Amino acid sequence: MKHYLSVNDIDSLNDWVNEARELKKEPKKLKSLGEGKTIGLLFFNNSLRTRLSTQKAAMNLGLDVIVMNFGSEGWALEYADGTVMDQGTSEHIKEAAQVISQYCDIVAIRAFAGLTDKKEDEAEIVLNGFKKYASVPVVNMESSVGHPLQALADAITLAEQNTKKRPKVVLSWAPHPKALPHAVANSFVQMMQLQDADFVITHPEGYELNPEVTKDSVIEHDQKKACEDADFIYVKNWSSYNTYGQVLNQDKNWTMTKEKLGNAKFMHCLPVRRNMVVADEVLDSDQSLVIEQANNRTYSAQVVLKKILENN
Ligand code: SN0
């Protein structure tokens, strides 16, 4: 593996999860692996967990870390070929990526979906621009269409918490005041398709995810029915995919409550809007796994960086 761009770059989910759990027992065991090397973390959007856990993972492997908030501090980048740059963009990705590759041995990028132009988002212009013009491995820290570090962390959490051969895992849409990307939901679905589980997606009509992602995953529009006897319920808002980037409704009947959760464990990638996405009674209960999910972000990033350092 040269890059880690999507869940498809995981060659064996089970092996990666086991490796991450080993690293979690002794995080600094491979402290010399990254010695003398540098990772650059480039953020085009906000972050808490991704920034700190990826930095922590890199430090555990002995890497030096450079962080840049490109959204607010970098030059506005141009991605199109042959443009007359007489508008707002100051520097082309061609130069930027080559320059950064001289300073960094690995580059990790966060660039969310704009949610206005489906074609442009699906072209992943920022991530693919760096992949094309950087000479070093590229890691996806949430792009337009995926958040594979989150999905790998969620797989670690599921493996730690699961007691059944074939658990029932539900991905439920929940209301939110803003239009949010599909990235977290997409990568979670793709990750679930790599394991043996009774997996159900539930959302109101109109919130179908990209069918090329959901494939033959079970979709149930009755949330209560979907959640019956679940072992894990992963709650996440996303905007409409068909009516691209729109908030079709904020139906509070979809907020996750103690009653709908039943005996299941509650999962969410964070940040989460309390009493909109999930009721306090759930988030504050011992059925919530959100803090442990965030903890596993470190070991998810660490196993990815370890594999890149070993292979390049
Ligand atoms: C992002 C998303 O993709 O849904 C990042 C999640 C890891 N979430 C948000 O942008 C939430 C912003 C908000 O105001 O609640």
Side-chain angles (χ1 to χ4, degrees), residues 4-7 41-57 69-72 108-118 120-122 124 126-127 139-157 171-191 201 203 207 209-210 213 234-241 244-252 254-256 266-280 282-283 288-301 304:
Y4 185 63
L5 303 176
S6 84
V7 168
L41 311 182
L42 310 186
F43 289 90
F44 292 81
N45 304 94
N46 297 349
S47 174
L48 186 161
R49 279 148 291 277
T50 298
R51 174 167 171 170
L52 297 181
S53 65
T54 311
Q55 182 158 357
K56 173 92 180 175
N69 288 317
F70 241 87
S72 55
I109 320 275
R110 163 161 286 194
F112 287 177
L115 294 176
T116 49
D117 184 335
K118 185 189 278 191
E120 193 178 295
D121 284 346
E122 293 192 335
E124 296 270 41
V126 183
L127 197 67
V139 175
N140 180 349
M141 297 195 295
E142 186 170 344
S143 67
S144 298
V145 303
H147 195 357
L149 286 173
Q150 181 67 50
L152 181 55
D154 296 335
I156 299 166
T157 309
L171 170 64
S172 177
W173 180 92
H176 197 286
K178 277 172 45 181
L180 294 191
H182 310 98
V184 171
N186 284 346
S187 290
F188 187 76
V189 170
Q190 289 171 324
M191 180 278 288
I201 304 171
H203 56 69
Y207 280 105
L209 291 162
N210 182 351
V213 172
Y234 199 105
V235 181
K236 181 73 184 81
N237 169 267
W238 58 86
S239 55
S240 175
Y241 178 75
Y244 194 67
Q246 297 301 302
V247 176
L248 305 178
N249 68 63
Q250 298 182 22
D251 187 351
K252 295 263 191 42
W254 282 76
T255 301
M256 187 49 57
F266 170 78
M267 297 178 76
H268 189 283
C269 60
L270 302 181
V272 72
R273 302 276 187 135
R274 282 178 173 260
N275 304 312
M276 188 76 195
V277 170
V278 55
D280 281 342
V282 170
L283 203 51
S288 171
L289 298 179
V290 296
I291 306 302
E292 200 46 40
Q293 284 175 265
N295 189 28
N296 284 331
R297 290 296 308 278
T298 299
Y299 309 104
S300 142
V304 167

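Every heavy atom of this structure was used, including side-chain atoms; hydrogens, water molecules and symmetry mates were not. Fair warning: this is a prediction, and the values are worked out from it, not measured in the lab. In each ligand, atom 1 is the first atom listed, and ligand 1 is the first ligand listed.
Residues His182 and Val189 have side chains not in contact (no heavy-atom distance under 4.5 Å, counting atoms from C-beta outward).
To the nearest 0.5 angstrom, His147 atom NE2 is 8.0 Å from Ser187 atom OG. A distance of 11.5 Å separates CD in Gln293 from OG in Ser300, rounded to the nearest 0.5 Å. How far CZ of Phe188 is from CG of Leu171: 6.0 Å, rounded to the nearest 0.5 Å.
Ligand 1 has no nitrogen or oxygen under 3.5 angstrom from a nitrogen or oxygen of Arg110. Residue Asn237 places no N or O, backbone or side chain, under 3.5 Å from any N or O of ligand 1.
Met267 approaches Leu289 most closely through the heavy-atom pair CG-CD1, 3.9 Å.
For Lys118, the NZ atom is densely surrounded, since the number of other residues' heavy atoms within 6.0 Å is greater than 12. In this structure, Asp251 places its CG atom where more than 12 heavy-atom neighbours from other residues, nucleotides or ligands lie under 6.0 Å away.
For the 3.5 Å distance criterion, the side chains of Ser143 and Asn140 qualify, holding a donor opposite an acceptor.
Of the protein's non-hydrogen atoms, the one nearest atom 13 (C) of ligand 1 is Arg273 NH2, 3.3 Å.
Atoms of ligand 1 lying under 4.0 Å from any heavy atom of Lys178, numbered from 1 in the order shown and given with element: 12 (C), 13 (C), 14 (O). Each of the atoms 2 (C), 4 (O) of ligand 1 lies under 4.0 Å from some heavy atom of Lys236. Listed by number with element, the atoms of ligand 1 under 4.0 angstrom from any heavy atom of Glu142 are 2 (C), 3 (O), 5 (C), 6 (C), 7 (C). Atoms of ligand 1 found under 4.0 Å from any heavy atom of Leu180, numbered from 1 in the order shown, are 4 (O), 9 (C), 10 (O), 11 (C). Against a heavy-atom cut-off of under 4.0 Å, His176 is close to the following atoms of ligand 1: 13 (C), 15 (O).
At a heavy-atom cutoff of 4.0 Å, ligand 1 is contacted by no atom of Gln150, backbone or side chain. Neither the backbone nor the side chain of Arg49 has any atom closer than 4.0 Å to an atom of ligand 1 (non-hydrogen atoms only). Counting heavy atoms under 4.0 Å from ligand 1, residue Leu270 touches it through the backbone alone.
Residue contacts with ligand 1 include Pro181, since one or more of its heavy atoms lies under 4.0 Å from the ligand.
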